[in-house]
**Student:** 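The structure is given below, and queries will be raised subsequently.
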Amino acid sequence: MTQLVSIIIPCFNEVEGLPSLEQHLAPVLAQLQMTHLETELIIVDDGSRDGTWQAIVAWAARDHRVRGIRLSRNFGHQAALTCGYDLARGDAVVCLDADLQDPPELIPDMVARWRDGFDIVLAVRRRRKGESAFKLWTAALFYRLLRVLGAGYVRADSGDFRLLSRQSLTALNAMREQHRFIRGMVGWIGFNTTEIFYDRDARHIGRTHYPLRKMLRLALDAMVSFSSAPLRLAYVLSGVLMLMTLGYLMYVLMVHFVWGISLVPGWTSLLLAIIGFGAMNLFCLGLMGEYVGRIYEQVKHRPVYFVAASAEQPPAAAAPTAPSGNEPSGAPTSGEPR
Ligand code: UDP
Ligand code: MG
């Protein structure tokens with residue numbers, strides 16, 4: 001029985017990179033075919049503003065394995081991936097960056113592991129080429145911080161290049177949270193997990209769409225969604241400060257009543273206390289705001305993305321090879337997850 005492997009490729013302004021992606025994928029897909037695996041490419045255009053969508057439509061017209069999806073605007077990498085995960089029909093699902101930083105040549109190895117019985121195959125970076133010392137350093141710091149905060153579900157140095165079995169994908173798709181840090185969610189669902197190692201290449205074409213701002217957003221999502229330790233930190237901090245204030249109060253009372261010294265000059269300490277407590281309050285409020293904001297977002301129950309258009313050949317044209325939806329997979333057919 002032939003099985004289907006879905007390959008999800010999120011794209012945001014990747015028009016220059018698509019031709020070489022297609023070139024690199026061709027031999028990989030042929031190799032999978034030789035081992036009796038059909039493939040589908042789910043290419044999600046995350047609201048690109050260059051000609052990415054036109055390129056995807058053209059690719060879909062050429063190749064019946066391609067299913068192009070255009071989101072209604074730029075929802076971000078994690079939302080684009082979620083869309084791909086929702087629509088994938090495969091027995092195994094791999095996600096791949098469009099910029100060839102994740103070598104497609106690794107996919108057959110991942111698939112082999114899946115056939116050995118693993119549900120999740122993580123591709124773990126051994127080395128990162130072409131990334132700034134700053135990015136390397138912040139990435140390392142980020143993973144360490146996550147561990148310290150007790151959100152150790154995230155495998156350090158594993159990006160979003162991974163294979164999921166149908167079983168683990170169904171589990172992942174059941175989690176409809178708004179702020180998605182898929183790496184952490186994949187760790188959280190459990191299942192039989194294995195790793196393969198690779199060297200991450202520099203981006204072939206174009207430049208990163210993960211500027212510092214988006215990276216910080218992702219890091220904050222990861223920390224706040226996977227741990228309530230920051231909330232506890234605020235508690236501990238305010239406890240310590242409360243004790244200190246109490247101690248200071250005792251001292252002042254002692255000085256005044258026991259030792260009989262009158263304490264008039266005290267502007268500095270007073271000012272320090274006011275500023276200190278003000279800062280503390282603001283800090284705690286900010287932290288609360290993070291969580292309250294998330295509760296608000298979650299309660300609104302908005303879909304993670306909207307699909308504006310799709311491009312794929314009708315099933316009849318693809319009939320000779322593509323097993324279009326021949327098994328009832330758990331994936332919803334509408335692009336709006338509930
Ligand atoms: N991407 C996306 N939406 C975004 C940003 C990026 O779909 O808002 C895609 C992008 O086209 C690429 C992948 O996500 O295929 C990873 O992005 P990028 O290479 O810019 O990130 P980096 O590798 O620098 O972390
Ligand atoms: Mg990249």
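All heavy atoms count here, side chains included; hydrogens, waters and symmetry mates do not. As the structure is a prediction and not an experimental result, all values here were calculated from the model. All residue numbers in this chain count up from 1 along the given sequence. For ligands, and for the atoms within them, numbers begin at 1 and follow the listed sequence.
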**Student:** Do the side-chain N and O atoms of D46 and N74 include a donor-acceptor pair separated by under 3.5 angstrom?
**Tutor:** yes
**Student:** Please identify which of these residues, D119, V121, I120, D116, meets the side-chain contact (heavy atoms from CB on, under 4.5 Å) condition with N192.
**Tutor:**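 Answer to the side-chain contact (heavy atoms from CB on, under 4.5 Å) test with N192 among D119, V121, I120, D116: D119.
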**Student:** Just which atoms of ligand 1 are under 4.0 Å from any heavy atom in E14?
**Tutor:**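 In order of number, 10 (C), 11 (O), 12 (C), 15 (O).
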**Student:** Under a 4.0 Å threshold between the charged nitrogen and the carboxylate oxygen, would R166 count as salt-bridged to D91?
**Tutor:**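 Answer for the salt bridge query: no.
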**Student:** Out of L96, D97, V44, L21, who is nearest to atom 13 (C) of ligand 1 when you count heavy atoms only?
**Tutor:**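 When every heavy atom of L96, D97, V44, L21 is considered, D97 comes closest to atom 13 (C) of ligand 1.
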**Student:** Which of the numbered atoms in ligand 1 are under 4.0 angstrom from any heavy atom belonging to A98?
**Tutor:**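 This gives 15 (O) as the contact atoms.
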**Student:** List ligand 1 atoms under 4.0 Å from C11, heavy atoms only on the residue side.
**Tutor:** 7 (O), 11 (O)
**Student:** Do Y198 and F161 make the cut of ring centroids closer than 6.0 angstrom?
**Tutor:**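 Yes - the distance between ring centres of Y198 and F161 falls below the 6.0 Å cut-off.
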**Student:** What atoms in ligand 1 come closer than 4.0 Å to a heavy atom of P10?
**Tutor:** 7 (O), 9 (C), 10 (C), 11 (O), 12 (C), 15 (O)
**Student:** For the residue pair E14 and T52, confirm or rule out a side-chain donor-acceptor distance under 3.5 Å.
**Tutor:**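 Per modelled atom types, E14 and T52 side chains form no pair under 3.5 Å.
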**Student:** Of all N/O/S atoms in D99, which lies nearest to the Mg ion (ligand 2)?
**Tutor:**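 The Mg ion (ligand 2) is closest to the D99 atom OD2, counting only N, O or S.
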**Student:** Examine D97 and say whether one of its N/O/S atoms is closer to the Mg ion (ligand 2) than 2.8 Å.
**Tutor:**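 Coordinating: no.
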**Student:** Nearest heavy atom to atom 7 (O) of ligand 1 wins, so pick from N13, L81, D45, D46.
**Tutor:** D46
**Student:** When you look at D160 and R183, which way does the salt bridge (charged side-chain N to carboxylate O under 4.0 Å, His left out) test go after all the steps?
**Tutor:** CA-CA 6 Å; D160 284 306; R183 254 167 268 179; 3.6 Å; yes
**Student:** Would you find a donor on one side and an acceptor on the other, under 3.5 Å apart, between the side chain of S6 and the backbone of G90?
**Tutor:** yes
**Student:** Go through ligand 1 atom by atom and flag the ones less than 4.0 Å from a non-hydrogen atom of N74.
**Tutor:**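 Atoms satisfying the 4.0 Å criterion: 3 (N), 4 (C), 8 (O).
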